[in-house]
Amino acid sequence: MGTDNSRAIVDNNARAPEIAEIGRRAAEAQERLKHVAATATSSDGAVTVTVNTSGALQQVSFGPRAEEISRSALAAAVVATAHRAQAQAAQQLKSIMAPVIGENSDAMHFLEEQIPTPEVPEEQQPPAPEPRQFFNREDDAPPPPRPPAPPAPPASGMRHPAPPPTRPSRPQRPPADPSDDDDYYNGGSILGRRN
């Protein structure tokens, strides 16, 4: 029994530098993982997306082209760009962990199963910009039709002036109600009162 213990102690002492190196690589990997971020930009520059190690969105920004494309095209560009950024983050994660756990190790295969590389859809070119729509579309509407031309003057050569347009008559004020106790204005307007 004493020989087994001394063999284990000698074995551990021989592996001490290897264990220390693994610890150093693990600490380095842990520090690098804190700062992993992947950023991708759509091919037309409308969207830029940044994700963290786990692929969660950290930042989304829009370029000038975002104002020129439809909302559905912009949404598709955000999703496609986020998938590309997530794929980059997954690659960074694997490259950081490879020195610690080995590129073809069971641990790397397990890691790849836990963080599968997202499917990156091909980025579709958005259709030509749609005209901007406004609530008030008067500028785009055709002009109103012209009023008909006035009738030709009578053939006799004598012109008769057109009658002036008639104004509707003003409605009559109802007579003052004698039971009304408002004697001050006598049923009339305050503006028409004279002293």
Side-chain angles (χ1 to χ4, degrees), residues 1-140:
M1 187 155 143
T3 341
D4 289 337
N5 282 341
S6 39
R7 218 181 284 159
I9 291 172
V10 169
D11 211 24
N12 283 341
N13 287 340
R15 291 182 183 234
E18 183 181 342
I19 293 171
E21 177 62 19
I22 291 171
R24 184 193 64 73
R25 283 186 280 171
E28 180 182 307
Q30 184 178 20
E31 187 59 33
R32 287 179 61 198
L33 287 172
K34 290 179 186 176
H35 305 287
V36 169
T39 300
T41 301
S42 63
S43 61
D44 62 356
V47 178
T48 300
V49 174
T50 302
V51 299
N52 65 11
T53 309
S54 65
L57 284 174
Q58 298 298 300
Q59 183 176 2
V60 177
S61 60
F62 300 104
R65 176 80 172 111
E67 295 176 14
E68 300 169 1
I69 60 177
S70 69
R71 287 185 179 146
S72 60
L74 184 59
V78 168
V79 171
T81 306
H83 282 292
R84 287 191 12 251
Q86 289 166 342
Q88 291 174 15
Q91 283 303 114
Q92 287 181 36
L93 178 60
K94 287 191 261 183
S95 69
I96 290 171
M97 294 305 295
V100 178
I101 60 178
E103 284 186 43
N104 293 318
S105 68
D106 290 338
M108 179 58 83
H109 295 301
F110 177 77
L111 178 65
E112 288 170 343
E113 289 172 2
Q114 301 307 308
I115 51 156
T117 303
E119 184 178 312
V120 180
E122 286 188 30
E123 199 172 324
Q124 297 176 357
Q125 289 299 324
E130 297 175 5
R132 299 211 45 173
Q133 295 182 0
F134 299 96
F135 289 111
N136 186 357
R137 306 244 351 175
E138 291 175 1
D139 296 337
D140 297 340

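Note that these values count all heavy atoms, side chains included, but never hydrogens, waters or copies made by symmetry. Since the structure is predicted, the reported quantities are computational estimates derived from the model, not experimental observations. The chain is numbered in sequence order, starting from 1.
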Just wondering, do Val49 and Thr39 contact through their side chains at under 4.5 Å, heavy atoms?
no
Output the distance between atom CZ (Arg84) and atom OG (Ser42), rounded to the nearest 0.5 Å.
7.5 Å
Mind checking whether Val47 and Leu74 have side chains closer than 4.5 Å, heavy atoms only?
yes
Per-pair distances, 0.1 Å, donor-acceptor, side chain in residues 55-63, under 3.5 Å, sequence neighbours excluded:
{"unit_1": "Gln58", "atom_1": "NE2", "unit_2": "Ala56", "atom_2": "O", "d": "3.4"}

Distance col, row Ile69:CD1 vs Asp44:CG, nearest 0.5 angstrom, shows 5.5 Å
Go through Leu93 and Val36 one step at a time and tell me if the side chain to side chain contact (heavy atoms under 4.5 Å, CB included) criterion holds.
CA-CA 8 Å; Leu93 178 60; Val36 169; 5.8 Å; no
What pair of heavy atoms forms the shortest contact from Ala37 to Thr50, and how long is it?
CB-CG2, 4.1 Å
I need the single residue from Arg24, Arg25, Gln30 that forms a side-chain hydrogen bond (donor to acceptor under 3.5 Å, both in side chains) with Glu28. Which is it?
Arg24
If we ignore hydrogens and angles and just use 3.5 Å, is the side chain of Thr81 paired with the main-chain N or O of Val78 as donor and acceptor?
no
Separation between CG of Leu111 and CD1 of Ile96, rounded to the nearest 0.5 Å:
11.0 Å
Heavy-atom closest contact (Ala66 atom, Ala46 atom, distance):
CB-O, 3.6 Å
Of all heavy-atom pairs between Ala85 and Ala38, which one has the smallest distance, and what is that distance?
O-CB, 3.2 Å
Residue among Met108, Glu103, His109 satisfying side-chain contact (heavy atoms from CB on, under 4.5 Å) with Ser105:
Met108
Would you give the length of the straight line joining atom CZ of Arg32 to atom CE of Met97, rounded to the nearest 0.5 angstrom?
10.5 Å
Would you confirm whether Thr41, through its side chain, and Gly45, through its main-chain N or O, come within 3.5 Å as a donor-acceptor pair?
no
